[in-house]
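Order of the sequence lines fixes the chain letters, A, B, ..., with proteins taken first and strands second; residue numbering starts at 1 for each chain.
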Amino acid sequence: MSKIQKIKGFSDLFSPESTIHTLMENLARQVFATYGCQEVRVPILEKTELFARSIGEETDVVQKEMYTFADRKGRSLTMRPEATAGVLRAFIESGQYSGDGSTKLFACGPMFRYERPQKGRLRQFHQLDVEVLGTDAPQADAEVVLMLWTFLSKLGLKNLALELNSLGCPECRPVFHQRLRDFLATIDQTQLCEDCTRRAGTNPLRVLDCKVPACKALVENAPSITEALCSGCAEHFSQVREILDSAKLPYRLNDRLVRGLDYYQRTTFEVVSGEIGAQAAVAGGGRYDGLIKQLGGPDLPGIGFACGMERLALLYGEAHIPAPDFYLAVLDSRALNTALLLAQRLRERGFAGEVSFEARSIKSQMRQANKLHVKTCLVLGQDEMEKGQIMVKDMATGVQKNIGQDDLEQALGFRKP
RNA sequence: GUGGGUGUAGCUCAGUAGGCAGAGCACCUGGUUGUGGCCCAGGAUGUCGCGCGUUCAAGCCGCGUCACUCACCCCA
């Protein structure tokens, strides 16, 4: 029989990768909770219309990257390509937004986009997502950025760069777009690369961050969104920056930072790494005032971000994975049952470790203990069994002693409350 | 959707001009009567991705196919 393979762009995560994902997810939960985020678990499958309306009908994500299919009654459903839309739909549908203040939500899980896989990009990938709803205060923008940066710092990630921009609002963005189109009309468009010739019509902002040197040179003097912001947006952005400056958070203003989803406006940001290949963004987000209303909810502002877990994992070392507390080596087959019960007792006390299921040479089992990087190797052989004892060896120092089996917890550092 | 690269042991990869399938790591056993890491000796391990073709002979050449991978596009 032929083997069945996993489908392209999907992955099976074994440890250490699975462990790393769990650790990162737990840390995110913990850090974001200190900012008041409540976890929400929302479906992976939504009505296609939800994404069409939020992400934007004309975006690449909606046009050609969604897993969309008809269910058994012919309704068009889509595997979520990002988290925000589903979280907002749930928020609106729950009707919990009555009063004052903001709602802070955390969500995570798999997302799906039909793209060609490459380094840091899969068809099923995982995101950590935060949404802060109900306030457009610049303090909220700053807090969200600080929340993200704090999480990444606690993960121990270095050499990350935070890029910040403001995309303006429905009032000033069209003005900038017109200026940009006017500018593009003045340059020799035949010199642009093939992609940019297309972009100039479809998504002029994208021309600004083209990597082709010829394009870069041509748009060097293009107008900046920053100069086109209306007074409200300019003031809002300047307050956000002021707080981040005071918090001594290092960021780089990038007036060509473009977001791929239509709903973003005002503050947008991205965290990039130079160490994980071409797919350099490990997190990205921004403000989306107006989106909640557009999805049939109240007219509330919102801001959020998502982190790509696979990309974070590329940067996160395996050194963080905790080692087991013990390995229990068994030298005599008559000791196997006793050994298992001793290990069970330790596990009930919260210690983690493994016990051998068969008696083998002490040498091979010591090797096993060493390989598992355990703190302590326990040995149960004929001698110990006869005296009701067990040998305890500290693998770091090599110091070993025989103790009574009843004293095992103390020997491993267990303190009774 | 487009372009490049790679498929050989569990992993990373050599494999010359077409002539018996290789190394390192990892694993197992022993060197030490019950002691890990370092060292030494020995050992097991293959649909050379798959199919067809050329040839006395194919891991190597040709055609096809599948998979993986990197990049473009796009994006977290």
- Contact class for A:M391 (heavy atom, under 4.0 Å): base, sugar-phosphate, or nothing? base

- From B:A76, B:U35, B:C70, pick the nucleotide closest to the side chain of A:F125? B:A76

- Residues passing the side-chain hydrogen bond (donor to acceptor under 3.5 Å, both in side chains) test with A:E143, sequence neighbours excluded, are A:K104

- Query: In dot-bracket form, how is RNA chain B paired, counting a Watson-Crick or G-U wobble pair only if both its distances are under 3.5 Å and using | for bases paired to another strand?
  - Reply: (((((((..((((.....[..)))).(((((.......))))).....(((((..]....))))))))))))....

- If you draw the axis of the six-membered ring of A:F183, does the NZ or CZ of A:R179 fall within 45° of it and under 6.0 Å from the ring centre? no

- Message: Let me spell it out: for each of A:G277 and A:A283, pick the nucleotide of RNA chain B with the closest heavy atom. Which residue's pick is nearer the 5' end?
- Response: A:G277

- For A:E310 and B:C70, give me the distance from atom CD to atom P, rounded to whole Å. 13 Å

- Message: Given A:Y288, which partner from the list A:R266, A:Q265, A:E131 fulfils the side chain to side chain donor-acceptor pair (under 3.5 Å) test?
- Response: A:E131

- Query: Want to settle it: does A:V282 or A:R360 sit nearer the 5' end of RNA chain B, counting the closest nucleotide to each?
  - Reply: A:R360

- The residue among A:N165, A:D136, A:D141 that forms side chain to side chain donor-acceptor pair (under 3.5 Å) with A:T267 is A:D141

- Which nucleotide, B:U29, B:U2, B:U32, lies nearest any side-chain atom of A:R367? B:U29

- Any A:Q5 side-chain nitrogen or oxygen under 4.0 Å from OP1 or OP2 of B:A67: no

- Could you give me the CA-CA distance, side-chain angles and deciding distance for A:S54 and A:Q294, then say whether side-chain hydrogen bond (donor to acceptor under 3.5 Å, both in side chains) is met? CA-CA 8 Å; A:S54 58; A:Q294 196 180 318; over 6 Å; no

- Spacing between A:E270 atom CD and B:A76 atom P, to the nearest angstrom: 7 Å

- Within the pair A:K371 and B:C27, is there a side-chain N or O less than 4.0 Å away from OP1 or OP2? yes

- Flag this pair as yes if the NZ/CZ of A:R123 is under 6.0 angstrom from the six-membered ring centre of A:Y114 and inside a 45 degree cone about the axis; otherwise no. yes

- A:E163 CD to B:A76 C1': how many Å, rounded? 14 Å

- Could you tell me whether A:D383 contacts a base, only the sugar-phosphate backbone, or nothing, with contacts defined as non-hydrogen atoms closer than 4.0 Å? base

- Could you check how far NZ of A:K8 sits from P of B:C66, rounded to whole Å? 10 Å

- What does A:G285 touch in the nucleic acid at a heavy-atom separation under 4.0 angstrom: a base, only the sugar-phosphate, or nothing? nothing

- When the distance from CZ of A:R123 to P of B:C68 is rounded to whole Å, what number comes out? 9 Å

- Message: Would you say A:Q365 places a side-chain N or O within less than 4.0 Å of OP1 or OP2 belonging to B:U35?
- Response: no

- Task: With P as the reference atom in both, quote the distance from B:G22 to B:U16 in angstrom, rounded to an integer.
- Result: 14 Å

- Query: Which is true for A:V271 with a 4.0 Å heavy-atom rule: it touches a base, it touches only sugar-phosphate, or it touches nothing?
  - Reply: nothing

